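These notes concern the structure reproduced below.
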Amino acid sequence: MQKKLKLWDAIMLVMGSMIGSGIFIVSADMMRNLGSGFWMIVVWIITGVMTVAAAISYGELSALFPKAGGQYTYLKEIFGRRMGFLYGWGLFTVIQTGTIAAVAVAFGKFTAYLIPSLNDAAPIFRSGEFMITWIQILAIAVILVLTYINTRGVESGKLLQNIFTGSKILALLGLIAAGFILVDFSHLAENFSFGYDAFSNLKKDPLGNFLKEGWEPIGGMALLGGIAAAMVGSVFSSVAWESVTFVSGEIENPKKNVVKSMIYGTSAVMILYIAVNYVYLNALDRDSIAFAGNDRVAVAASHFIFGSAGTAIIAVLVMVSTFGCNNGLILAGARVFQTMAKDGMFFKQAEQNNKNHVPANALWMQGIWASLLCLSGQYGNLLDMISFVIVLFYMITVFGVIYLRIKQPDLERPYKTWLYPVTPVIYLLIGAGFCILLLIYKQQYTWPGFLMVLLGLPVYYFINMKKKTE
């Protein structure tokens, strides 16, 4: 593979893959679960510590295995082919492709703010609850256009990534500055006035709309359950930074630049996320955050800051953000499926590079499946359920750092995890707490995604059985 990605490109890939639509939406559900500005910020800080700790830990593995495939390669090399396949299976069936689909549909929904006829148009096809809308068609078009651009060579994808990531970082900085300079009446003191007290309000009327009345104090285990439920949103908004490891084979000096890009990129994004949430808490009161229309907190805050132009400003920002995010996801994901194909664990056609030295077949396979998920209408549900599985795989990979230190202490490590073993242990403790609390309080977020990954086991055994008979 040609080394065409420099450190700056890798940082842009990390940040661009992380910043999608989540930061503009998830704070509403977080506030409904916690009812307190203090606890909402605490959850974002916990997620930030967790994310950066994982990135620091992954750095050691990225230096040990500086080749394409990233997390898939780490899991395969440390724990064997079966574990690697299960991760790759989950990545293709829903983690990467489901995220691509969800982000593309978010692009379509915010485009509909600027073009209301998209919202008002009758469905192209409808059968019971299943329907195909023009927003879904636009989402598919975005996926296919970005897939095509990335088949033209890594230079094309890199240029697009840098432009769109740079644009959304500047736009977010502008929103943060405006959120403090242009707000006449601050709600910050009010939102923090509850102190350590937390509240919950998840009651709905017969039509399924959340009721503004009835905030109930919560504490003890109920508070821990609320924190875990809130973290589903913050964790989902903070994943995909590992995408940079998928393209290690195309990064200059990967032993140093992959780890640097992960640490710099994740740290910068988490600081941005916490600052954006301070803007929400400054511009809006508790109810305005918790019950924002369609959970679009950023739209509500922007309307308060910029007036009637606010909706259009945020719509454009989210369109730029989701477009750039999807480019990063599409660019990176295909490299994993190509590596799996080389290992005999994916369609053989995905192994080939085209004349532009990129895995065009793997890109199109990924793009077509993500497009089908757009049509299914189920990708949103799948993604809610997959946060648990994503964190499980992060935990297994981070544990791999400790496991290798014990099993192969004499391995030459070009980069060693900072503050080892404290850093990986911090991640494992927070991750374990998150998963256990979800298993106790929010099981709908756990077993369906776990089941989806386990379905890969019979596929794995079928592939290996076929190999033995050849």
Side-chain angles (χ1 to χ4, degrees), residues 1 61 64-65 67-101 147 242-243 245-249 329-330 332-354 358-373 375-376 378-379 381-383 385-386 388-400 403-404 407-408 435 446-470:
M1 288 185 171
L61 300 179
L64 277 171
F65 310 110
K67 44 193 173 182
Q71 191 171 351
Y72 158 76
T73 300
Y74 310 158
L75 290 169
K76 186 194 72 172
E77 294 287 343
I78 300 168
F79 300 111
R81 287 167 60 86
R82 181 171 52 192
M83 182 64 77
F85 176 81
L86 283 179
Y87 173 72
W89 164 265
L91 200 74
F92 183 78
T93 53
V94 70
I95 295 173
Q96 196 81 356
T97 50
T99 306
I100 290 167
T147 298
E242 75 281 6
S243 291
T245 69
F246 302 164
V247 294
S248 295
L329 294 170
I330 288 166
R335 271 64 179 181
V336 180
F337 312 132
Q338 181 186 39
T339 306
M340 289 177 71
K342 288 177 179 176
D343 294 338
M345 293 198 286
F346 198 69
F347 300 107
K348 190 168 177 59
Q349 294 85 343
E351 185 179 340
Q352 301 159 1
N353 271 347
N354 66 3
V358 293
N361 290 341
L363 280 161
W364 284 117
M365 289 173 189
Q366 172 185 259
I368 290 165
W369 181 244
S371 298
L372 289 173
L373 288 179
L375 291 178
S376 75
Q378 300 305 309
Y379 51 85
N381 296 335
L382 288 169
L383 284 175
M385 298 161 189
I386 214 71
F388 175 78
V389 174
I390 292 172
V391 171
L392 272 184
F393 276 121
Y394 280 164
M395 287 174 66
I396 294 167
T397 310
V398 169
F399 175 71
Y403 181 80
L404 271 186
K407 294 288 285 186
Q408 299 184 54
C435 291
T446 58
W447 66 264
F450 192 59
L451 194 61
M452 174 73 75
V453 172
L454 288 182
L455 285 174
L457 279 175
V459 178
Y460 172 78
Y461 289 120
F462 173 76
I463 289 170
N464 280 275
M465 196 186 303
K466 196 176 172 186
K467 274 188 177 178
K468 286 176 186 176
T469 56
E470 284 175 356

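Note that the coordinates shown come from a computational prediction; the quantities given were computed from them, not determined experimentally. Because only heavy atoms are used, hydrogens play no part in the values below, and waters and symmetry mates are left out as well, while side chains stay in.
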Qualifying residue for ring-ring contact (aromatic ring centres under 6.0 Å, His included) with Tyr87, from Phe393, Tyr72, Tyr394: Phe393

Residue pair Asp343 / Arg81, side-chain heavy-atom distance below 4.5 Å: yes

Pairing residues for Lys407 by the salt bridge (charged side-chain N to carboxylate O under 4.0 Å, His left out) criterion, not counting sequence neighbours: none

Separation of Leu86 CG from Leu455 CG (nearest 0.5 Å): 10.5 Å

For Phe399, all residues meeting side chain to side chain contact (heavy atoms under 4.5 Å, CB included), sequence neighbours excluded: Phe79, Tyr403, Leu428

For Phe337, ring-ring contact (aromatic ring centres under 6.0 Å, His included) partners two or more places apart: Phe92, Phe346

Test log, rule side-chain contact (heavy atoms from CB on, under 4.5 Å), inputs Leu61 and Thr245: CA-CA 10 Å; Leu61 300 179; Thr245 69; over 6 Å; no

Nearest heavy atoms of Gln96 and Ser243, plus distance in Å: NE2-OG, 3.9 Å

For Met345 against Ile463, the heavy-atom pair lying closest together: O-CD1, 4.3 Å

Shortest non-hydrogen separation from Phe347 to Ala341 and the atoms involved: O-CB, 3.3 Å

side-chain contact (heavy atoms from CB on, under 4.5 Å) between Arg335 and Val358, intermediate numbers included: CA-CA 9 Å; Arg335 271 64 179 181; Val358 293; 3.5 Å; yes

Closest non-hydrogen atom pair, Phe450 against Val389: N-CG2, 3.4 Å

Stepwise side-chain contact (heavy atoms from CB on, under 4.5 Å) test for Arg82 and Tyr461: CA-CA 9 Å; Arg82 181 171 52 192; Tyr461 289 120; 2.6 Å; yes

Side chain Asn361, main chain Gln349, donor-acceptor under 3.5 Å: yes

Heavy-atom closest pair, residues Gln338 and Ala362: N-CB, 4.3 Å

Shortest non-hydrogen separation from Val94 to Met452 and the atoms involved: CG1-CG, 4.2 Å

